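Working notes for the structure below.
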Amino acid sequence: MRCRFAPSPTGYLHVGSARTALFNWLFARHHGATFVLRIEDTDASRNQPELVTNILDSLRWLGLDWDEGPYYQSERAARHNEVVEGLLADSLAYVDEGAVRLRVDDEGTIGWDDVIRGRVSFERANVEDFVIRRSDGSPLFLLTNVVDDWDMGITHVIRGEDMINNMPKQLLLLEALGVDREVHYAHLPLLVDEQRRKLSKRFGDVAIESYRDRGFVAPAMTNYLATLGWGTADGVEIRPLAEIVERFELSGVNKSSAFFDVKKLTHFNHEYIRAMAPEEFSALAGPFAEPFDLAALPAGYLADIQGRTQTFPELAPMIDWLYLDEPPIDTDSWAKGVAGNPAAVAILDGTLHAYADCAWGKDELHHRLAAVGEANGLKLGKAQAPVRVAVTGRSVGPPLFDGLEVLGRERTLARLRAARARL
RNA sequence: GCCCCCAUCGUCCAGCGGCCUAGGACGCCGCCCUUUCAAGGCGGCAACACGGGUUCGAAUCCCGUUGGGGGUGCCA
């Protein structure tokens, strides 16, 4: 069995195409079939060769390796022309204003049994004689796609639902070419935006690489994509790719379109990040935290940070205050936790005093601040608020005392004094 | 306009004639836990588009309606 992914280099690899590639790949790996990659670059006016690199990079990032190719359709022009000439010679096609059109009868229907949708058929009368070669001599997608699939021995064509409309023409072409091998067609449901329209640039970021740049990890992306249009009876959604390969069946794919939900993707991402080994987390997250040095943090503290990271860009705001000269004061946090907090003065003064000469360790810092709170009739949850804002600049963040231990006495005290002075 | 596809909670998925007073997940809301925020635990809100059939029995099968989408290029 052989399947293929055949993108055209007219844009970056986008989410919808990636899902198509993924399902082809899952099919191939599940059945031990051969996965062929073919670049459909027959439209010279729209192709951008440098985008091929981007498409290949995105596929590699997702972990979708191919067994053959990439083949370039543009290099097969001679073959495509030979086919057109043959059709012309058999007068199954004719020249019309320089272009070549395939002759289509008006009698009967043309259809196929779609692996996902069942029987689909069209009236031949609704199909016009269509162009298979431009007047400039270059062949068109309808023809090249069919000829290449045929020549490359593709047995399973797995692609988007929007291609259903091309089926009658491609089937007619196959008929004209007199081919007889059985080809299975599976038309995947579309990925749509919140308006239920085919996913496109309107949606915002649709390029796979932009998700990588926004701090999503590849396994979360492939796993999430696999749940769009497909699911298992046990209800488990987050599972290793290997298990998905094991369970994937084309016949289990849905017919209706699916909304690409970044919120749910984010949840998957969070789960994948939480499950990472510390070394892997450091390696992947480090670059996103720059210029702040993630690796310099104590293991326990880092582990906590890892656990609360949904996407990597959230990292810098969690740790920047440890490296900056002044804490980046968030105005809302300041207003709520310090300026508008009647207990702030007492807490700040008390903490300044309590931290002046104590042992500088997170447990001791914890106990001392708790005592200050108690003296003021506040539980730790309330008491730590002004200190947190004064030192970190924000009202939320990773556990406070681990951070204070890293920051050190001198800087902690200086920040507490600075906050106190502002009141 | 014409052709084609689709139709279960807001969203994704399960259900493939009786196990369904429809299950899981995301999100949302409450409670617990707690050093803030997350995480975790517990609970809650929330759907078979509608109308006809078929059947002892329909979310599941058939037809229609409605709604949504895709395609209608000498783009891919």
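Proteins get letters first, then strands, A, B, ... in listed order; numbering begins at 1 in each. Keep in mind that the numbers below use all heavy atoms, side chains included, and drop hydrogens, waters and symmetry copies. Here the structure is a predicted model, which is why all the values come from computation and not from measurement.
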TODO: Establish, yes or no, whether a centroid distance under 6.0 Å links the rings of A:Trp230 and A:Phe248.
DONE: yes

- [ ] Quick one: look up who B:U60 pairs with, Watson-Crick or G-U, both distances under 3.5 Å, and put none if it's unpaired.
- [x] none

- [ ] For the side chain of A:Leu380, starting at C-beta, report the closest nucleotide among B:U35, B:C74, B:C4.
- [x] B:U35

- [ ] Please report, rounded to the nearest Å, how far the C1' atom of B:U36 is from the NZ atom of A:Lys336.
- [x] 10 Å

- [ ] Look at the aromatic rings of A:Tyr185 and A:His187 and report parallel, tilted or perpendicular, splitting at 30° and 60°.
- [x] parallel

Open item on the list: Using a distance-only criterion (donor-acceptor N/O pair, under 3.5 Å, no hydrogens), is the base of B:C74 paired with the side chain of A:Ser135?
Closed with: yes

Task: Enclosure of A:Glu243 CD (heavy-atom neighbours >12, cutoff 6.0 Å) - done: yes

Open item on the list: Pairing check on B:G1: which nucleotide meets the Watson-Crick or G-U wobble criteria with it, both distances under 3.5 Å?
Closed with: B:U72

- [ ] Kindly point out which of B:U35, B:A38, B:C37 is positioned nearest to the side chain of A:Gln384?
- [x] B:U35

Open item on the list: Counting only heavy atoms not in A:Glu194 (residues, nucleotides, ligands), do more than 12 fall under 6.0 Å from its CD?
Closed with: yes

Task: Separation of atom CG in A:Asp41 from atom C1' in B:C75, rounded to whole Å - done: 14 Å

Task: Under the ring-ring contact (aromatic ring centres under 6.0 Å, His included) test, residues paired with A:Phe130 that sit two or more places apart - done: none

- [ ] For B:C42, give its Watson-Crick or G-U wobble partner with both distances under 3.5 Å, or none.
- [x] B:G30

- [ ] Could you measure between the two C1' atoms, the one in B:A47 and the one in B:G23, and give it in whole Å?
- [x] 12 Å

TODO: Could you label the plane-to-plane angle of the A:Phe312 and A:Phe288 rings as parallel, tilted or perpendicular, counting under 30° as parallel and over 60° as perpendicular?
DONE: tilted

Task: Distance, P atom - from B:G73 to B:U65, rounded to whole angstrom - done: 27 Å

Please tabulate, one pair per line, each protein N/O and nucleotide N/O from nucleotides 18-25 of chain B that are separated by under 3.5 Å, including the distance.
from, atom 1, to, atom 2, distance (Å)
B:G24, N2, A:Glu237, OE2, 3.0
B:A25, O2', A:Glu237, OE1, 2.6
B:A25, N3, A:Lys264, NZ, 3.0

Task: Closest nucleotide among B:C12, B:C6, B:U35 to the A:Ser256 side chain - done: B:C6

Task: Whole-Å distance separating the CD1 atom of A:Ile319 from the P atom of B:U36 - done: 22 Å

Task: Nucleotide B:C37, atom C1' - distance to CH2 of A:Trp321 in whole Å - done: 14 Å

Open item on the list: Before we go on, tell me: are the rings of A:Phe401 and A:His366 under 6.0 Å apart, centre to centre?
Closed with: yes

- [ ] Give me the one residue out of A:Leu64, A:Ile39, A:Ile158, A:Leu59 that meets side-chain contact (heavy atoms from CB on, under 4.5 Å) with A:Phe5.
- [x] A:Leu59

TODO: Measure the OH-OH distance between A:Tyr224 and A:Tyr211 for me, rounded to the nearest 0.5 Å.
DONE: 9.5 Å

TODO: Report yes if at least one side-chain N or O of A:Thr232 is closer than 4.0 Å to OP1 or OP2 of B:A14; otherwise report no.
DONE: no

Open item on the list: Taking the minimum atom-to-atom distance to the side chain of A:Arg308, which one of B:C74, B:U36, B:U35 wins?
Closed with: B:U36

Task: B:U8 phosphate, OP1 or OP2, under 4.0 Å from A:Asn254 side-chain N/O - done: no

TODO: Could you measure between the two C1' atoms, the one in B:C26 and the one in B:C9, and give it in whole Å?
DONE: 12 Å

- [ ] Please indicate whether A:Glu128 has more than 12 foreign heavy atoms, meaning atoms of other residues, nucleotides or ligands, lying under 6.0 Å from its CD.
- [x] no

Task: First of A:Gly397 and A:Tyr224 reached from the 5' end of RNA chain B, by closest nucleotide - done: A:Tyr224

Task: Pairing residues for A:Glu314 by the side chain to side chain donor-acceptor pair (under 3.5 Å) criterion, not counting sequence neighbours - done: A:Thr311

TODO: Considering only atom P, compute the distance from B:C12 to B:U8 and round it to an integer number of Å.
DONE: 8 Å

TODO: Look through every strand shown and name the nucleotide pairing with B:A25 as Watson-Crick or G-U wobble, where both distances are under 3.5 Å.
DONE: B:U11

Task: Face-on cation placement of A:Arg19 at A:Phe23 ring, 6.0 Å and 45° thresholds - done: yes

TODO: Could you check A:Gln73 against A:Thr144 for side chain to side chain donor-acceptor pair (under 3.5 Å), going step by step and ending with a plain yes or no?
DONE: CA-CA 7 Å; A:Gln73 200 157 57; A:Thr144 57; 3.3 Å; yes

Task: Options B:A14, B:A76, B:U36, nucleotide nearest the side-chain atoms of A:Ala233 - done: B:A14

Task: P atoms of B:C31 and B:G67, separation to the nearest Å - done: 43 Å

Open item on the list: Distance check needed: B:A38 P versus A:Tyr301 OH, whole Å only.
Closed with: 17 Å

Below 3.5 Å between N/O atoms, which protein atoms pair up with nucleotides 47-49 of chain B? Just atom names and distances, please.
none

TODO: Find the distance between CG (A:Asp402) and CG (A:Leu297) and round it off to the nearest 0.5 Å.
DONE: 10.0 Å

Task: Closest-nucleotide 5' rank along RNA chain B - winner of A:Gln73 and A:Leu228 - done: A:Leu228

- [ ] Output, in order, the C-alpha distance, side-chain angles, deciding distance and verdict of side chain to side chain contact (heavy atoms under 4.5 Å, CB included) for A:Asp148 and A:Tyr71.
- [x] CA-CA 10 Å; A:Asp148 288 357; A:Tyr71 294 119; over 6 Å; no

Task: Distance, rounded to the nearest Å, where A:Lys255 contributes NZ and B:U60 contributes C1' - done: 12 Å

Task: Nucleotide forming a Watson-Crick or wobble pair with B:U54, both distances under 3.5 Å - done: none

TODO: Name the closest nucleotide to the A:Glu271 side chain, picking from B:C6, B:G40, B:C4.
DONE: B:G40

Open item on the list: What is the distance, to the nearest angstrom, from the CD1 atom on A:Ile238 to the C1' atom on B:A39?
Closed with: 14 Å

Open item on the list: Between B:C45 and B:G27, how many Å separate the two C1' atoms, rounded to a whole number?
Closed with: 12 Å

TODO: Can you tell me, in whole Å, how much space there is between the C1' of B:G15 and that of B:A22?
DONE: 8 Å

Open item on the list: Do A:Arg422 and A:Trp334 form a cation-pi contact, if we require the NZ or CZ to be under 6.0 Å from the six-membered ring centre and within 45 degrees of the ring's axis?
Closed with: yes

Tabulated below should be each protein N or O lying under 3.5 Å from an N or O of nucleotides 69-72 of chain B; please produce it.
from, atom 1, to, atom 2, distance (Å)
B:G70, OP1, A:Lys198, N, 3.2
B:G70, O2', A:Asn165, ND2, 3.3
B:G70, N2, A:Asn165, OD1, 2.6
B:G71, OP1, A:Lys198, NZ, 2.6
B:G71, O4', A:Asn165, ND2, 2.8

Task: Listed nucleotide nearest any side-chain atom of A:Lys263, set B:U35, B:A76, B:G27 - done: B:G27

Task: Members of residues 137-159 of chain A that approach RNA chain B, where some heavy atom sits under 4.0 Å away - done: A:Leu140, A:Phe141

Task: A:Tyr12 atom OH, over 12 foreign heavy atoms within 6.0 Å - done: no

- [ ] Kindly say if A:Arg134 contacts the phosphate of B:A76, meaning a side-chain N or O under 4.0 Å from OP1 or OP2.
- [x] yes

TODO: Please measure how far the C1' atom in B:G52 lies from the corresponding atom in B:U66, and state the result in whole Å.
DONE: 14 Å

